[in-house]
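To keep things clear, I will list the structure first and then write my remarks on it.
Note on naming: letters A, B, ... go to the chains in the order of the sequence lines (proteins, then strands), and numbering restarts at 1 for each one. The basis for the numbers below is simple: all heavy atoms, side chains too, and nothing from hydrogens, waters or symmetry mates.
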Amino acid sequence: MSNKINHSMSLAKPDAQDISTKQKIALATGLVGLLILVLAFFNIDFPNRAVFLALSLGLITVGTVVYSRDAYLTKLEGIKNDGVWFKSISSRGVIGWALGVVLTAFYIVLYFYPQFLGLGANGSANTGLIALFDPLSNLLSGRNASQWFVYGTLYTIAIAVFGYKFILKYRHNKYQQLRTVSVIFFQLGFAYLIPEFMYVMNSDLPYYDLKSVWPLNYYLFQDYHLNQFLGAGNIGIALIIFGIVSTLVITPILTYKYGKRWYCSWVCGCGGLAETAGDSFRQLSSKKMSAWKLERWLIHTVLVFSVIMTVAVVSSFLKGSWQDGVFVEGNYWLSNEGFLIAIGVLLTIVFVGVMVFKRNELGKDARYGAIGYAIVILSLFAIYFTGTNEEIFFIKSSTLKTAYGFYIGSIFSGVIGTGFYPILGNRSWCRFGCPMAAILGFQQRLFSRFRITTNGGQCISCGNCSNSCEMGIDVRAYAQKGENIVRSSCVGCGVCSAVCPRGVLKLENDSMDGRINPTEVLLGNDVDLMDLLNKN
Amino acid sequence: MEHVVIIGNGISGVTAARHIRKNSDKKITIISAETNHFFSRTALMYIYMGHMKYEHTKPYEDYFWKKNRIELKNAYVKTIDTNAKTLHFAEGDTLNYDKLVIATGSKPNKFGWPGQDLEGAQGLYSKQDLDSLERNAPNNKVCKRAVIVGGGLIGIELAEMLNSRNIPVTFLVREDSFWNGVLPEGESAMINRHIKNHHIDLRLGFNLKEIKADDNGKVKSIVITETEEEIECNVVGLTAGVAPNISFIKDSRIETNRGVLVNRHLETNIPDVYAIGDCAEQRDSGIDQRRPIEAVWYTGRMMGEALAQTICGNRREYKPGHWFNSAKFLDIEYQTYGWVYGERGRPEYEKHFHWIHEDDTKCITVAYHKDTKEFLGINTFGIRMRHETFDRWLTEKRDVDYVITNLLEANFDPEFYKHFEKDILAAYKKNLQTA
């Protein structure tokens, strides 16, 4: 809640930060656009859907753009966070909670009750909100809209218009601008348009966002997806190979060179939404030690779950499937046994490599890693030895897959991850749940040239950096000791550096030497004293 | 077990406590009447501006103190009896110590202006100052105008704070250009323009004559000495510097001047009594070219570290290295390394090279020795510089040519930022030709 002391007896809004007349008009414009969507949701059938859809999306865009321009272009360039902890929406006030509830409800309907959005069942025509989007979907791919098309469109617009707001807010900061342009580009092109065009070219291809990498898109290696790929000829095979290469080769190389930020804050759509639409909520992430402990257990558990689920699903796919009550054995060049052995060998190489070369850097974390590793290896044995059907630990792999899709893919990433923006901060999914972030973070911590360096003794411990860290890193704790920040969770958004009033923080790609300096290295003090402090 | 008592829970006292705990098992008590827990004073402005809440300004979570066995006592020390090694509190109770650290910081200067103690007239240093500002200037309806007196770093922060709530500000500065006692004229002039660009009514060369009260004893207006002009206002910010907060020590045997007098080991004239941070004053004169009293965040931290060693039986001098500092003037970041003097007190050997960008928000000034060309210091505005590099160059006694030629090595700006080193070098070469 806001900590503002309000001595005004006025019944009108007592906030110091009032919005201008122009902003009020812009807000009204945007809300009218939103109202059209709401009316459509309540099954109001608009006569000319194409016109009303364009009107709705247009008004929302214009409203946000005009509002943002008036908010930032009327002031000089610089950090503009005035009043974020006073505004109800951005300080877990009434509006913040209300927004959280509405968003959460929307996600529940979207994932579990698409019929309420108007999705036509069994080939019947769409109604309501989804029908409103039919003209646009027909224009792009020649088919009627689905709830995912509606969601994708709104998602893309949100990233674009709030991205524009973000660019204005940080117009003095080239890093922030470029990264936002990049995120808008990848969302609009790779996540939204290209998959639609791929469908136009080859309607047998499943939806495939090329920039999306396993395990974030956990469905990549699932049977229905693999079947669709295999049924789509050479291009399908090529896409499977690309999916594997992007996970095993491209990702580690880019992470080595630039840190996980190349993905999390320059490419990823989840990150894109968090950075743009979620920017107003970045200060809400908890920086408590307890939150950090929870984060580390949770995100790595999700990763372990995701690995086991994927291996089980692929394994049962390779074994074969039940078709019309008859079990048809899989007949692929890669046998189930071969696959499990290959995964086992790969994991062992990674594990042994880490233990031999990086044991000291990981310290206590190595123990947690070993536990997770042991669970995965035991699961591999279980998958191999437990009978002819598809059970592991007496749980069907399809059940495992459904559970993962339900609890992680839907509830965690959507309902909590985005719905709880106004409560838990904008990156709670990236921070607590994303298995991709866990893998990239593991790579970043172990072998990346990326780090955030601190500027000698200039830190005044003001806490702006920690406050604006969406990943809940207590940046100040490092900066005030003069210690480089090498954290697996850091997505490299660079806002800590931007808001620092003393120019203390800088994101850098540099050599691996001296990257980790877990000591006090404050400049200004006499050198002997620092040596002494570090010895103690 | 030896009992170390620290008066003051600012950066100096808390750093001392932390390092004493690292090195020993002594009993440690920190006393403060300001807040229960350590917070970062430098962030007070961001609480008012709504960037952060009070709890975000605490560098350590509340469990930290218990976990590290550092006792916190919320009390106000009234007198110190150094013979009996006893503190007497305003509440009437007492506390014995074996070693005493005075780290009470500063209080805002007041120069005897009529009306300076009225409700609505205040400095900006403590949590209480912030609370009273929140009371007297919650918005621009309650506070129709504020006047700030004194042209230093706290003054401009206060102006920025009030500006964030759309409260009109008149800023009275005694000098004829903002902070020109410290900044060279080109920089000071640039900041003047920057302040005015924020619609702050900057009045240069004006002094406060008196503060007038309304019927309720609250600030009503101020009068300017030079013009006799009366300005209606509800808040007056008194930000003409700070002075050591040591009035309760004056009656003790501890020797004081403006601050508590200490030697290079931060020891006072009384055994087992030490002083660190803003309230400590170096005997004789300052270290190197530093002033005897330095109210700077990082020197407080360094004194705390050094003193902790001494208290733990490892007697050490306080040795601050090369001077550096930083600040932010509204939207312009400022950093300084080494010594760059303004008009006042500039040594006759010191020469300057000044470069300013055409957008009027970035500039640098490099000070060097006119005969030896030795690099003496640099001020940068709107360009971040790497502390480590300048620290090394100052130690290596580089000349000014080397520094300007290698400026890129010291750049600390975020990635993709535009660089100005070439422009600076070109301007420097041109300057040499015309000089």
> Heavy-atom distance under 4.5 Å to chain A: side chain of B:E415, backbone, both or neither?
Replying inline: both
> Which region of B:K58, side chain (C-beta onward) or backbone (N, CA, C, O), has a non-hydrogen atom less than 4.5 Å from a non-hydrogen atom of chain A, or is it both or neither?
Replying inline: backbone
>> Please verify the inter-ring angle class for B:W65 with B:F38; under 30° counts as parallel, over 60° as perpendicular, anything in between as tilted.
In response: perpendicular
> Checking heavy atoms, do the side chain of B:Y334, its backbone, both or neither come under 4.5 Å from chain A?
Replying inline: neither
> Checking heavy atoms, do the side chain of B:Y46, its backbone, both or neither come under 4.5 Å from chain A?
Replying inline: side chain
>> Heavy-atom pairs under 4.5 Å with chain A - which of B:F412, B:Y318, B:Y48 has more of them than the others?
In response: B:F412
>> Using heavy-atom distances under 4.5 Å, tell me whether B:Y337 contacts chain A through its side chain, its backbone, both, or neither.
In response: side chain
> Can you say whether B:A308 sits under 4.5 Å from chain A via the side chain, the backbone, both, or neither, judging by heavy atoms?
Replying inline: neither
> With respect to chain B, which residue among A:S90, A:G78, A:G503, A:C459 yields the maximal number of heavy-atom pairs within a distance under 4.5 Å?
Replying inline: A:G503
> Salt bridge check: are A:D82 and B:R165 linked by an N-O gap of less than 4.0 Å?
Replying inline: no
> Listed by chain and number, what are the salt bridge (Lys or Arg N to Asp or Glu O under 4.0 Å) partners of B:E388, not counting sequence neighbours?
Replying inline: none
>> At a 4.5 Å cut-off on heavy atoms, which part of B:H199 comes close to chain A: side chain, backbone, both, or neither?
In response: neither
> Out of B:K328, B:H56, B:M45, which one racks up the most heavy-atom pairs below 4.5 Å with chain A?
Replying inline: B:H56
> With sequence neighbours left out, what residues match A:D513 under salt bridge (Lys or Arg N to Asp or Glu O under 4.0 Å)?
Replying inline: none
> Below 4.0 angstrom, N of the basic side chain to O of the carboxylate: do B:R264 and B:E317 qualify?
Replying inline: yes
> What residue in B:H198, B:E61, B:H194 has the most heavy-atom pairs under 4.5 Å with chain A?
Replying inline: B:E61
>> If you count heavy-atom pairs within less than 4.5 Å of chain B, which of A:E508, A:K287, A:K80, A:Q176 leads?
In response: A:E508
> Given a strict heavy-atom distance threshold of 4.5 Å, which part of B:R316 is in contact with chain A: side chain, backbone, both, or neither?
Replying inline: side chain
>> Looking at A:Y258, I'd like to know if the NZ or CZ of A:R449 sits under 6.0 Å from its six-membered ring centre while staying within 45 degrees of the ring's axis.
In response: no
>> Cation-pi check for B:Y54 against B:K127: NZ or CZ below 6.0 Å from the six-membered ring centre and within 45 degrees of the axis, yes or no?
In response: yes
> Counting heavy-atom pairs under 4.5 Å to chain B, which of A:G463, A:S461, A:S466 comes out on top?
Replying inline: A:S461
> Relative to the ring of A:Y170, is the ring of A:F166 parallel (under 30°), tilted (30 to 60°) or perpendicular (over 60°)?
Replying inline: tilted
> With a distance cut-off below 6.0 Å to the six-membered ring centre and an angular limit of 45° from the axis, does B:R301 pair with B:W297 as a cation-pi contact?
Replying inline: no
>> Using a 4.5 angstrom heavy-atom cutoff, name the option from B:P59, B:A327, B:S40 with the most pairs to chain A.
In response: B:P59
> With a distance cut-off below 6.0 Å to the six-membered ring centre and an angular limit of 45° from the axis, does A:R92 pair with A:W85 as a cation-pi contact?
Replying inline: no
> Where on A:N455 is there a heavy atom nearer than 4.5 Å to chain B: the side chain, the backbone, both, or neither?
Replying inline: both
